[in-house]
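Right, one structure below, let's go through it.
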Amino acid sequence: MKIATWNINGVKARIDTVLDWLKSESPDIACFQEIKSVDENFPREPFEDLGYNVATHGQKGFNGVALLSKRPFDEVLTRLPGDENDEQARYIEGVMSTESGVVRVGCLYLPNGNPVESEKFPYKLAWMERLHAHARQRLDLEEAFLLVGDYNVIPDPIDAKSPERWVGDALFRPESRRAFRALANLGFTEAVRSVNDDAGVFTFWDYQAGAWQKDEGIRIDHILMSPQAADRFESCGIDRFVRGWEKPSDHVPVWVRLAA
DNA sequence: ATGTCAGCGCCCCGCTGA
């Protein structure tokens with residue numbers, strides 16, 4: 001089965017692009033971030049027409065995450081536990097049954113955290129601590145569990161074309177990178193780096209300053225697999241070609257294929 | 001050095017967030 005994640009930067013603005021991609025790549029599960037839509041306005045029908053079950057957790061204007069699955073959801077959970085007062089729609093998790101057992105997928109849109117001297121950076125780090133605590137609990141279930149999405153973290157210098165430009169940025173701050181490592185070190189396997197240590201592997205190119213044309217990319221969209229998911233790993237990829245389409249998102253899809 | 005885009009509120013532009 002194929003599981004994909006993509007920050008689509010607005011479902012309304014991206015609907016045709018997203019549908020084209022789904023038709024050609026047909027993932028079994030697709031996780032979207034930055035839907036920028038409330039649940040009532042999310043265009044469910046075109047996705048349902050392609051055979052997907054749809055679950056959303058949106059808010060007005062910004063953020064918002066969605067889960068699409070060809071198999072029905074056994075269970076859907078929205079919101080990351082750990083802060084009742086957090087109003088930002090950044091997490092949705094679903095459980096699906098397959099021939100090879102249950103698959104649990106957490107779809108996340110981790111806070112950007114810039115500017116670092118604002119309250120946004122501590123919010124990012126606190127959110128990462130909540131994610132860490134939640135992931136630890138989920139790993140205890142010993143299921144095939146994938147934590148996928150826009151992490152807004154550049155894990156290592158090799159994950160940027162020009163790492164020196166990102167020094168001091170919330171995406172590359174030592175605290176952000178350390179928290180990402182600590183999360184992975186709970187026992188996850190990061191899909192892309194488990195099979196590819198090349199430079200120049202990116203998932204995001206800014207709209208500004210000709211970043212795409214100059215390949216000034218960064219790798220900030222990640223797939224973490226629990227041991228039970230990693231045992232079923234077959235392949236993974238980054239749909240870089242989508243960035244060259246008409247009206248692209250600034251991110252491209254990342255996907256993983258698991259046995260059955 | 002600069003370069004963008006989406007959504008909102010509200011009036012067809014200026015703001016915010018990324």
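Quick note on labels: first sequence line is chain A, next is B, and so on, each numbered from 1.
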Could you write nucleotides 10-18 of chain B as a row of B, S and -, 5' to 3', where a protein heavy atom under 4.0 Å of any base atom gives B, of only sugar-phosphate atoms gives S, and otherwise -?
-------SS
The residue, A:K60 or A:G210, whose nearest nucleotide of DNA chain B is more 5′ is A:G210
State whether the side chain of A:S176 and the backbone N or O of A:V153 hold a donor-acceptor pair below 3.5 Å, judged by distance alone.
no
Just call it for A:A209: base, sugar-phosphate, or nothing, with non-hydrogen atoms closer than 4.0 Å on any strand.
base
Show me the donor-acceptor pairs, under 3.5 Å and distance only, between side chains in residues 55-68 of chain A and residues at least two apart or in other chains.
unit_1, atom_1, unit_2, atom_2, d
A:T56, OG1, A:D39, OD1, 2.8
A:H57, ND1, A:Y91, O, 3.3
A:Q59, OE1, A:N63, ND2, 3.1
A:Q59, OE1, A:A89, N, 2.6
A:N63, OD1, A:R90, NH2, 3.3
A:N63, ND2, A:Q88, OE1, 3.3

Rounded to whole Å, CD of A:E216 lies from C1' of B:dG3 at a distance of 13 Å
Atom-pair distance (CZ on A:R165; C1' on B:dA1), nearest Å
12 Å
For the C1' atoms, the ones on B:dT16 and on B:dC10, what distance do you get once it is rounded to whole angstrom?
15 Å
Can you check the distance between B:dC11 and B:dC15, where both ends of the measurement are the C1' atom (answer in whole Å)?
14 Å
Run the side-chain hydrogen bond (donor to acceptor under 3.5 Å, both in side chains) test against A:R178 and tell me which residues pass, sequence neighbours left out.
none
B:dG3, B:dC5, B:dG7: which one has an atom nearest the side-chain heavy atoms of A:K214?
B:dG3
For A:F172, is the NZ or CZ atom of A:R177 found under 6.0 angstrom from the centre of its six-membered ring and inside 45 degrees of the ring axis?
yes
Within this structure, what is the CD1-OG1 distance for the pair A:I92 and A:T78, rounded to the nearest 0.5 Å?
6.5 Å
Between the side chain of A:N152 and the main-chain N/O of A:L110, is any donor-acceptor distance below 3.5 Å?
yes
What interatomic distance, in whole Å, is found between C1' of B:dC12 and the corresponding atom of B:dG7?
15 Å
Spacing of A:W212 atom CH2 relative to B:dC5 atom P, expressed in whole Å:
15 Å
